[in-house]
Amino acid sequence: MGLFRRGRATDLGERGVAVVRGITVLTAGDDTPTRQRLRLEVEGPMPETDGVELTGAPRWIRYGQTLPVVRSRRGWEVEWDAAPGPAPTSVARVKPPDAGIDDKTSKAPRARRKGAPCTVEIREVTAGTFLGMGTDRLDLVTTITTDGMEDYALELKRQEVPFYAAHLLRPATVVPGWVRPGRPDKVVIDWPQAAMAVPGIGEPAFEPDDSQRSDLAQGVVDAAVETAGGFAARFVPGGGPDAERTVVHADDDAVYGVDFATWVGIEAGLVRDRVAPGDHAGYAEQRGVPVGQWADVAAAWQGRVRSDWELGARYGAAYEMALKGR
């Protein structure tokens, strides 16, 4: 077992890589800063596991993040000076937490027990205010999709987004959530589940400007749409900023021969080209859909998007680009 302390260790010449395989966020009182514990697994012929407790965890740390370590006389230590971003405020050794993300400050665990699953598409992100003053929380304009209801718009006010999920705030991103039965206005975003599925290693946090009140600059939206397709990519565990991405393809199982890209292109074309409802089938058939099958194709793909939030993320990005004729 090693000690993980801030600062440069006494170098004994052996360096390695530790992977963040678990994140635990501890609750804190009014006068106590929030603490975060990381499960660090040191790769090598004889893997070692240790834990580190931080205060002020930097927003670049992600589940699956790699950290450079060096062996000292005290054991393995994180070389924070060589890490991808700023060091935490303080570091201490602790027993390794469990694998996965366990955020004790999150409302998601309770919402999972009492709510119904939904997907939350983030449309706009603005800096939150309270009594006319800026806060460190965010206001999100979203679209909610859940079984048994039409999609609806919902503004989630003063959201506290954890450091490990800061990359998920980009417009057109779709994340999992939970809606209270009978109260469609009560939605909780499941940030731990979203960040475990898509760690976003190497992706910077999205930081809204205080002046962003009603919508985002078009340049920001365009950049988000370009990168949002990566949201549905699973990153190689332990990858750094240049890690290879392996995209989870949703079109391996086409419906009546119509793959994901073709379906999205037709859906966007119906809107872009202002096709009358009665002409939808003919429009689709001209673009490769078998005669008489468009309704079934559309229903099948829409069902998949509603039940698979990662596929929903891909759909959001692909639809926006297709709508713009890209």
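Sequential numbering from 1 along the given sequence is applied to the chain's residues. Keep in mind the model is a prediction, meaning the values are calculated, not measured.
For the pair Arg304 and Val255, the minimum side-chain heavy-atom distance is below 4.5 Å. Counting only heavy atoms from C-beta outward, the side chains of Ile61 and Leu54 approach each other to under 4.5 Å. No side-chain heavy atom of Val52 sits under 4.5 Å from any side-chain heavy atom of Val78. Taking 4.5 Å as the limit, some side-chain heavy atom of Asp296 sits within range of a side-chain heavy atom of Tyr256. Between Trp301 and Val264 the shortest side-chain heavy-atom distance does not fall below 4.5 Å. Between Arg158 and Asp139 there is a side-chain heavy-atom pair separated by less than 4.5 Å. The side-chain heavy atoms of Trp178 and Pro117, taken from C-beta on, include a pair separated by under 4.5 Å. Counting only heavy atoms from C-beta outward, the side chains of Val20 and Arg62 never approach each other to under 4.5 Å.
Judged purely by atom type and a 3.5 angstrom limit, Arg287 uses its side chain to pair as donor or acceptor with the backbone of Tyr283. Remark: side-chain polar atoms of Thr145 are not paired, donor with acceptor, to backbone N or O of Thr119 under 3.5 angstrom. Judged by distance alone, with hydrogens and angles left aside, the side-chain atoms of His167 form no donor-acceptor pair with the main-chain N or O of Ile201 at under 3.5 Å. For Thr143 (side chain) and Ile122 (main-chain N/O), no donor-acceptor pair under 3.5 Å exists by modelled atom type. No side-chain donor-acceptor contact under 3.5 Å links Arg21 to the backbone of Asp98.
Atom CZ of Arg110 has 12 or fewer neighbouring heavy atoms from other residues, nucleotides or ligands inside a 6.0 Å radius.
In this structure, the separation between OG1 on Thr66 and CD on Glu41 is 13.5 Å, given to the nearest 0.5 Å. Distance CG/Leu38 to OH/Tyr164: 12.5 Å, rounded to 0.5 Å. Here CH2 of Trp294 is found 7.5 Å from CH2 of Trp263. Values are rounded to the nearest 0.5 Å. Atom CZ in Arg137 sits 13.0 Å away from atom NZ in Lys157 (nearest 0.5 Å). Taken to the nearest 0.5 Å, the CD1 atom of Ile23 stands 9.5 Å off from the CE atom of Met196. For the atom pair Leu138 CG and Thr126 OG1, the distance stands at 7.5 Å (nearest 0.5 Å).
Shown here for Val120 and Gly177, the closest heavy-atom pair between the two residues is CG2-CA, 4.3 Å. When all heavy atoms of Pro290 and Glu285 are compared, the closest pair comes out as O-CG, 4.0 Å. What you find for Leu40 and Leu67 is that their closest heavy atoms are CD2-CD1, 3.8 Å. In terms of heavy-atom proximity, Pro88 sits nearest to Val91 at CG-CG2, 3.5 Å. Ile189 and Ala108 make their closest contact through O-CB, 4.3 Å (heavy atoms, listed as atom of the first residue, atom of the second, distance). When every heavy atom of Gly56 is checked against every heavy atom of Gln36, the shortest pair comes out as N-OE1, 3.7 Å.
In this pair, Trp80 and Trp60 present their aromatic rings perpendicular. The plane angle is above 60°, beyond the 30 to 60° band.
No side-chain donor from either of Thr55 and Thr89 sits under 3.5 Å from a side-chain acceptor of the other.
Cluster membership for Val188 and Ile144, using ILVMFWY side-chain heavy atoms within less than 4.5 angstrom, is not shared. Cluster annotation: Leu168 is connected to Leu154 through the hydrophobic network of ILVMFWY side chains, with a link wherever side-chain heavy atoms come within less than 4.5 Å. Taking hydrophobic clusters as Ile, Leu, Val, Met, Phe, Trp and Tyr residues chained together by side-chain heavy-atom distances below 4.5 Å, Val297 shares a cluster with Val275.
A salt bridge (Lys or Arg N to Asp or Glu O under 4.0 Å) with Glu53 is found for exactly one of Arg35, Lys95, Arg39, Arg93, namely Arg35.
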